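Since we're looking at a predicted model, the values are computed, not measured.
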Protein chains: 2
Amino acid sequence: MDARQILKDHITKSVELTDAQFDGFYACFKHESFKKGQMLIREGDAVTREYFVLSGCLKTYFLNDELRMTILQFAMPTWWASDYDALYNRHPAAVIVDCVANAEVLSISTDDRERICHEIEAIGHFFRWRTNRGYAASQRRLLSLMTNDTRKRYEDLLEQYPTLFQLVPKHLIASYLGVSRETLSRLYHSSR
Amino acid sequence: MDARQILKDHITKSVELTDAQFDGFYACFKHESFKKGQMLIREGDAVTREYFVLSGCLKTYFLNDELRMTILQFAMPTWWASDYDALYNRHPAAVIVDCVANAEVLSISTDDRERICHEIEAIGHFFRWRTNRGYAASQRRLLSLMTNDTRKRYEDLLEQYPTLFQLVPKHLIASYLGVSRETLSRLYHSSR
DNA sequence: GGTCTTATGTGACTTACATCACAATTTACG
DNA sequence: CGTAAATTGTGATGTAAGTCACATAAGACC
């Protein structure tokens, strides 16, 4: 399945567009390929684009003063990624986005996004819908982090994204869950 | 300052509207008053509205199986509140929204919001802008929760929202920070 | 296919915070 | 203004998870 079709399937889940409207939308995107380990966003970068994943997997992470990694999110196919704080508030990137595996992405700039939203209201609706869902997901994750113990959060992640455990090394999953790799190892083996 | 002017000041921070456009937008809202302790959203409710705070303070919280409270957010004047997961994903409320102090709010339904966004593109832009910022704030909070220790998170909150510490009992702030009220008390007294 | 790098597992020890119980202080209400 | 309720403070104790160090296994690369 090609890039255009993947995006079309994704967007038509929530809005109806004519072919001409979709063509106009698709024309805003740049198609890019990255190798495992390559960075799409470096700390300190001006962030003007967000990325829709076609294949592979990205991770968005923060490095603290001791260079300890904390993963904010993964992005599998049909997920979006950027440093959203930097993107929306127009300041330099504080997090890093790179490839856990070779990836192909479509990227769009904020200016193009706002222009096309202005021209085609259904695209505006799509982006409100998508950001609303992202916000709700983020709130659920916050809640889970504050109310569930380590084992529960691990089990919930395993149940909700089993493929993540195949795509991604466990020490990265530990970092996403906010636990040490030793703790994740212990949870993993006591649940089998 | 009256309700209409507060909302107008709020929205014109990010978009320009004609008076007629703003009138159309303002007409979508219902003006409501609540007493301290009153609930705007109960667990299990169908959620169809979100609330813009004019005065007072709200809290959004979750009760676990042991009826332990975890506060997801506060809402002071010019902040918005709802159960966003339930609102956007159309399922019953899993969290509760009530008043920490007597409050006046403007509320708008999702249907009215989407209709007015469709009619006036600038309103669509406003809501994308607002949800984008909310999403970025939520990501920052997630990051802080996972990378900073308890003292740092407490000190950051005190610096960023000093008035919250005047408006809200400390045991509620502890619940928002995800620590026990004893731990917050200890941090509070060792930082003076 | 061998070697180097990365990932994972495990045991021992440390620690930040929760919990519990009780006391003191502050706030709210009649 | 007095009393009851709510909030906050404090000491002692327990525990889940982190850290450290080392070993083993798996994966990547030449």
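- What separates CD of B:Q166 from P of C:dT27 is a distance of 12 Å, to the nearest Å.
- Nucleotide D:dA6 holds its P atom 13 Å from the CG atom of B:L172, rounded to whole Å.
- The pair B:K152-B:D156 meets the salt-bridge criterion, with a side-chain N (NZ, NE, NH1 or NH2) lying under 4.0 Å from an Asp/Glu carboxylate O.
- Partner of B:E50 under the side-chain contact (heavy atoms from CB on, under 4.5 Å) criterion, out of B:V97, B:L40, B:I108: B:I108 alone.
- The phosphate of D:dA6 has neither OP1 nor OP2 within less than 4.0 Å of any side-chain N or O from B:H171.
- Here D:dA16 presents its C1' atom at 15 Å from CG of A:L184, a figure rounded to the nearest Å.
- Side chain of B:S175 to main chain of B:I71: a donor-acceptor pair is present (N/O by atom type, distance under 3.5 Å, no hydrogens or angles).
- Between the side chain of B:R181 and the base of D:dG9 there is at least one donor-acceptor pair of N/O atoms closer than 3.5 Å.
- Residue contacts for B:R68: at a heavy-atom cut-off of 4.0 Å it reaches the sugar-phosphate backbone alone, with no base atom in range.
- Taking atom CG of B:N148 as the reference point, atom C1' of D:dG18 lies 17 Å away to the nearest angstrom.
- To the nearest angstrom, C1' of D:dA25 lies 14 Å from OH of A:Y188.
- One finds no side-chain N or O of A:T183 lying less than 4.0 angstrom from the OP1 or OP2 phosphate oxygen of D:dA17.
- Distance B:L177 CG to C:dA18 P: 11 Å, rounded to the nearest Å.
- A donor-acceptor pair shorter than 3.5 Å cannot be found between the side chains of B:T147 and A:R68.
- B:H10 and B:W79 share no side-chain donor-acceptor pair at under 3.5 Å.
- Rounded to a whole Å, the CG atom of A:L167 is 14 Å from the P atom of D:dG27.
- Each of C:dA7, C:dT19, D:dT10 was ranked by its minimum atom distance to the side chain of A:P169; first place goes to C:dA7.
- With hydrogens and angles ignored, a donor-acceptor pair under 3.5 angstrom links the side chain of A:E182 to the base of D:dC20.
- Side-chain atoms of A:R186 stay outside donor-acceptor range of the base of D:dG18, with no qualifying N/O pair under 3.5 Å.
- Rounded to whole angstrom, the span from the CZ atom of B:F165 across to the P atom of D:dT8 amounts to 11 Å.
- A sub-4.0 Å separation between OP1 or OP2 of C:dT8 and a side-chain N or O of A:S185 is absent.
- Checking A:K170 against B:S180, the closest nucleotide of DNA chain C that is more toward the 5' end is the one next to A:K170.
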